[in-house]
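In this text, all values refer to a predicted model and were calculated from it rather than measured experimentally.
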Amino acid sequence: MPEEIIHAAGMVPIRLTGDSQEPALEEANAYMYINTCSFVRSCLDLVLRNQYHFLDGFVSAATCDCPRRLTDVWKHYDFTPFVHIVDVPRKMTKSAHDLYHNEVQGLKDRLEGFFDVEITDEALRQTIKVFNRTRELLKELYDLRKSDCPPITGAEVLEVLNAGFKMPREEFNGLLERLVGEASSGQRAVKGKFRLMINGSPLNNPEFVKTIEDLGGLVVVDELCTGVRHWWDLVDDSPEIDPVEALSRRYLNNFPCPRMFPPEERFNRALQLVKDYRVDGVVSEVVRYCVHCAHDQPLLRRRLEIQGVPVLELSIEYGASGTGQIMTRVQAFLEMLEGRARR
Amino acid sequence: MFVAGIDIGSRGSKAVIMEDSRMVSFSICETGPESSKTARFTIDEALNGTGLSLEDIGYVVATGYGRILVPFAKANVSEISCHARGANWYFPSVRTILDMGGQDCKAINCDENGRVTNFIMNDKCAGGTGRFLEVIADVLQVPLDEIGDLSLKSTQDITFSTVCAVFAKSEALALLRKGVSRSDILAGLHDAIAVRCLNLLKRVVINKDFTVTGGISKNIGMVEKIKNKVGLEPVLAPDPQIIGALGAALFAQEKAQAQSK
Amino acid sequence: MTLKVADTTKLGEIIEVVDAVAQMQRQRHERQPDAINYEIVVGYFRRVQRAKEEGKLLVSHTPMIPPEIFYAMDIVPLQLEFAATVAAQIVKGVEDCFSAAAAFGLAPEICSAQRLIAGQAIQGWLPRPDALVWSNQVCDNTAKGSNLLAEVYDCPRFFLDRSYQYSERGVQYFTQQLQELICFLEDLTGRKMDWDRFAEVMERSRRLQELHREIRELRKAVPSPWRNLWFIHMMGTEMYMAGTAEAIAHLEAIRDAARQKVEEGKGYVQEEKFRLLTIFVPPACAWALMGWMQGKHGAVCVAEPYFSYRDGENIDPGKPLESLARKSFYCPICGPMHGPAEEGILRDAVRDAIDYRAEGAVCFASIGCRQTDACIRMLKDSLQEKAGIPTLVLDNDTYDPTYVPEDQLKDKLEEFFELLEERK
Ligand code: SF4
Ligand code: SF4
């Protein structure tokens, strides 16, 4: 879902996230059956508890059964005046592009019509610059994490990313610039016993990462839709290309999410990250009833293990912060890595 | 030097005192509401009769879910590593461990030194844990330590959900109302748990030298079912509940040696 | 991981049992449509069994891959969910399949249909196919499940992607996908598609669609001429036999049986007590429930909004691919499950409730099926507000009889019947 279109319309895109705790989800359960993934139910729960009352509209994408049904519920119970769903093919072929391009154009037309605004090419180009700047800055920040003792922890990075989802983009870029500047000054060096990658379902709670890091595992990179999958690739901003075309290309070809076909595209990118960031072990968190990740997990796990990278699988509820059992598993995983290192 | 391992579990707390890889004494107590008090009480029980006091113990390692709340421990190690290490002390050839605890169930692989090489833990649902058996014992009104024996007296096969404890409970009640015998119900439930354990084990390497640890391994009905499902005879330690604490004590010894170097 | 040995004796076992059932039904006058149904199943599995020796390409596929294409190309299809369903009812050892899937690392949240299919593949229950074709219709589970299968079977694969919304662009995209699928199959068989033959197949598919609608009309009668189980049979025929003469014969038999009742002014059961709307499918392990509801309680299933053709569109055999693409948006299962709810399942359910004079709805909530279950609250509210009928939600697992045992389902249904009785 290209946020740029919303931004270029002069509106503020806010990424819907759920609660940073494992809530009871009582409100949400009344509307969506318990086998809807807890990420979507957590989002819905916040909506029902009036935490998103400031929204004027909701744009979602038919990426997965849960958000598409959430959109159905959203429309049926009329949570906001504007609701729109963007169709996203699962392939990256030429005809898939045509379809997706049409969808992005459709979103633009609908926003223009409904809110009576005009989204000019000029504004889109300007927006693309702003959003690409965020991506460049995040890339710089992530590059710093490749060093032996990075200047920033994984939990801190997640907090930064979270801020970006809810903040006017220009302001976020300013803060990010300062942060990258300070981080590159070489004054801070965080140590950890092992370098970890975290991947799987959407993750927003920094506490979860902090639990892992407090036990001695340093999270140096992620493969999450709230992390690299969100910002990794740039939008082509050359003046020859039509901005809607550039956006649709970027969003369909981006770092693939588990829903895309063929799955090897995602696996290979994840394996590349493991190499580039010199990852010792991978923590895969799969949110309950996140079927896409659940299907990929055994296949990805095998590929990682063949590369000699152990995997810790954690089946959690979205929002979990890393209590009892999770801590035990992470600790045991780190002890296991220690044992391997000694051998 | 004397060292100790202490395992604060969800239901029972155990302590083991060792000297030069030899077990000096151990204790098994109930876990109270306050971990630090429980810890003190458990270690005192183990010290009792040895002529030693806590000051004589050079290094204490804590494990179990209350491991961070033991004031006199110098370090803490996860119960997964401790179970592997403890099992290795009893049976050096063992490479596959099934730990059936009160809150969870784990399948572990280890190497010749008792170091974990792979592990898998069941999800947080209670099905297949000691807690689950407690609930069932309660529903059927059979004392917990008799359910295993009773399950062996079963005469007919009953299939239970292998997924959810909540459903299993209501199913058990429904069967009871229909007049199905307690032993058959228990056998069915034990069977369901064994299937879960087997699925866990299949995700690590199942080696022919394998052991079952944790509180439930004292339940002979359970061990029997696991034996049948896995198709291997597990070796059983005389006191399978203390293996975690024993492993912790071995870690204490290792850490003490490293420190003195 | 790849499959080592396939144990084809299971296939033989299935054929034998279904054949016996078919013969039994043949003996009974009023069960001729059922007999045809079971004979179709027998024939289907026999073709699978003989595919190799007859030198035909065997292609395993998931729901909603148009079988018309396979029949037109003389390829033997094996619809995996259907095979899994039949096998689960006949062959012992379903638990072993679930176990194998769990041991492979498939989480219990993955719907049991997919775990069963994966487990059967790992255990080698079905012959190794020459290729796999699957699709994002109708859900994430079907979209993702076959990646593992392709690895287990180590065979060529094709993923058929359909857009979510019914738009001209969507139709174009899907038409293109179908074209690519045909190229993929042509490469494998070494033969070109015979477009004349394809047109004939499509003509039969069009005829089948017509029959569906004829039957729908007949079912509006009070009392209902309908045997509850027929809808499941019809759904099967539609899903894996569309485009064949057998499928037409099956539906004609059902239509004739229903028409006769209507003409006589009789219902299928002597005393019709309740008219019900069925939402989603009853557990595969408890299909007998359908007969029990009707026989013991006079509860007739009058319509199934997830499983009926929407009106207003027809197949044009002259445009086979575009027709198939369009069909996927308005045909049973696919249309309502893989599309927006408001103009889809919600509208259809309310309309069916009114048109078929339903007094209540029974919703089968299978714990693995996220996308249908997520609509339950909306369906309940819509049916209550717009059609004035109550909905019973039955938690279950389509393939795991131990999740909620049949007895419990019956208890809940009986309670619901009491409530409906009181409302009268
Ligand atoms: S990808 Fe997973 S977490 Fe995200 S919406 Fe789908 S099921 Fe939920
Ligand atoms: S049961 Fe539901 S989730 Fe499973 S394959 Fe069918 S439609 Fe998909």
Evaluate the side-chain hydrogen bond (donor to acceptor under 3.5 Å, both in side chains) criterion for residues A/Q331 and B/S78: first the C-alpha distance (whole Å), next the side-chain angles of each, then the deciding distance (0.1 Å), finally the verdict. CA-CA 6 Å; A/Q331 190 175 352; B/S78 73; 5.5 Å; no
State the OG1-CE distance between A/T328 and B/M121, to the nearest 0.5 angstrom. 5.5 Å
Using heavy-atom distances under 4.5 Å, tell me whether B/N76 contacts chain A through its side chain, its backbone, both, or neither. both
Looking only at heavy atoms, what is the nearest atom pair of A/M336 and B/V116, with distance? CG-O, 3.1 Å
Roughly how far, to the nearest 0.5 Å, is the CZ atom of B/F251 from the CD atom of A/E335? 6.0 Å
Just checking A/E26: does its CD atom have more than 12 heavy atoms from other residues, nucleotides or ligands closer to it than 6.0 angstrom? no
Supply the atom-to-atom distance A/M327 CE to B/R67 CZ, rounded to the nearest 0.5 angstrom. 5.0 Å
Testing the basics here: between A/R329 and B/F119, what is the closest heavy-atom pair and its distance to 0.1 Å? O-CZ, 3.4 Å
Is the NZ atom of B/K37 crowded by more than 12 outside heavy atoms at less than 6.0 Å? no
What part of B/T63 lies closer than 4.5 angstrom to a heavy atom of chain A: side chain, backbone, both or neither? neither
Which atoms of A/L312 approach chain B - backbone, side chain, both or neither, heavy atom under 4.5 Å: side chain
Between A/E313 and chain B, which part of the residue has a heavy atom less than 4.5 Å away: side chain, backbone, both or neither? side chain
Run the salt-bridge test on B/E254 and A/R342 with the 4.0 Å N-O cut-off and return the result as yes or no. yes
Would you give the length of the straight line joining atom CD of A/Q325 to atom CG of B/D104, rounded to the nearest 0.5 angstrom? 4.5 Å
If you draw a 6.0 Å radius around OH in A/Y52, do more than 12 non-hydrogen atoms from other residues or ligands fall strictly inside? yes
Proximal component of B/I108, with respect to chain A [non-hydrogen, under 4.5 Å]: neither
Which value, rounded to the nearest 0.5 Å, describes the distance between B/N118 atom CG and A/E305 atom CD? 6.0 Å
